[in-house]
Amino acid sequence: QAQLVESGGRLVQAGGSLRLSCKASTSPFSDYAIGWFRQPPGKGREFVAGISRYSSKTNYADSVKGRFTISKDYNDRMAYLQMNDLNPEDTAVYYCAAERTQSTDLVVTSDRYSYWGQGTQVTVSS
């Protein structure tokens, strides 16, 4: 059973930056595509960013393109979401997710991931 633990969420002012981290117990880490999702207050969970198992492909929601960057560190089995130029609409609980994939280029953008973290709160003040 894989475990994912997010960290890095906090209160930040609009225009600021945060880096969210996701520690994975999935092994080997390179077998898994990783996704970041978020759930704003009173709304459903939505896809934010995804990366394929070998980091060859990435995909971003239109609302975060050019501001957020997803990455993986294979040595430490970590996934990251660098978030720049934050705005209040980015306020949400952020979740990382992992899915074992055969394809080396697949980025999973739906919520059909098998493994999920507990979430980390990001609050952006105006």
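Among residues two or more places apart in sequence or in another chain, the ring pair (Phe, Tyr, Trp, His ring centres under 6.0 Å) test is passed with Tyr54 by none.
Tyr94 and Tyr80 fall into different hydrophobic clusters, defined by Ile, Leu, Val, Met, Phe, Trp and Tyr side-chain heavy atoms under 4.5 Å apart, directly or through other members. Placement of Val93 and Tyr113 within a single hydrophobic cluster is found when ILVMFWY residues are connected by side-chain heavy-atom separations under 4.5 Å, directly or transitively. In the hydrophobic cluster analysis, where Ile, Leu, Val, Met, Phe, Trp and Tyr join through side-chain heavy atoms closer than 4.5 angstrom, Tyr74 is grouped together with Ile34. At a threshold of 4.5 Å between side-chain heavy atoms, the hydrophobic network of Ile, Leu, Val, Met, Phe, Trp and Tyr places Val107 and Trp36 in two separate groups. Placement of Met83 and Phe37 in two distinct hydrophobic clusters is found when ILVMFWY residues are connected by side-chain heavy-atom separations under 4.5 Å, directly or transitively.
For residues 71-88, there are no salt bridge (Lys or Arg N to Asp or Glu O under 4.0 Å) pairs, not counting sequence neighbours. Contacts classified as salt bridge (Lys or Arg N to Asp or Glu O under 4.0 Å) and involving residues 47-60 (residues at least two apart or in different chains) are given here: Asp31-Arg53.
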Quiz prompt | Test log, rule side-chain contact (heavy atoms from CB on, under 4.5 Å), inputs Ser52 and Thr101 | solution = CA-CA 8 Å; Ser52 59; Thr101 66; over 6 Å; no
Quiz item: Do Trp116 and Asp111 pass the side-chain contact (heavy atoms from CB on, under 4.5 Å) test, and can you show the C-alpha distance, the side-chain angles, and the key distance before you say yes or no?
Solution: CA-CA 10 Å; Trp116 293 82; Asp111 62 356; 4.0 Å; yes
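The distance from the SG atom of Cys96 to the CE atom of Met78 is 9.0 Å, given to the nearest 0.5 Å. For the atom pair Tyr115 OH and Ser25 OG, the distance stands at 9.0 Å (nearest 0.5 Å). Atom OG of Ser27 is separated from atom OH of Tyr32 by 8.0 Å, given to the nearest 0.5 angstrom. How far CZ of Phe68 is from CG of Leu86: 5.0 Å, rounded to the nearest 0.5 Å.
A side-chain donor-acceptor contact under 3.5 Å links Tyr60 to the backbone of Ile70. The main-chain N or O of Thr91 is never found under 3.5 Å from a side-chain atom of Thr123 such that the two would form a donor-acceptor pair. For the pair Glu6 (side chain) and Thr120 (backbone), a donor-acceptor distance under 3.5 Å is absent. Side chain of Glu99 to backbone of Ser114: a donor-acceptor contact under 3.5 angstrom is found.
Under the 3.5 Å distance criterion, with hydrogens and angles disregarded, a donor-acceptor pair is assigned to the side chains of Ser56 and Asp105.
Here the shortest heavy-atom pairing between Leu4 and Ala24 reads CD2-CB, 3.5 Å. For the residue pair Ser126 and Pro88, the shortest heavy atom distance occurs at CB-CG, 3.8 Å. For the residue pair Ser71 and Ile51, the shortest heavy atom distance occurs at CA-CD1, 3.9 Å.
With a 4.5 Å cut-off on side-chain heavy atoms, Arg100 and Pro28 count as touching. In this structure the side chain of Arg38 never reaches within 4.5 angstrom of the side chain of Leu81, judged on heavy atoms. Taking the side chain as every heavy atom from C-beta outward, Pro40 and Glu46 approach each other to under 4.5 Å.
Heavy-atom contacts from other residues, nucleotides or ligands closer than 6.0 Å to CD of Gln39 number more than 12.
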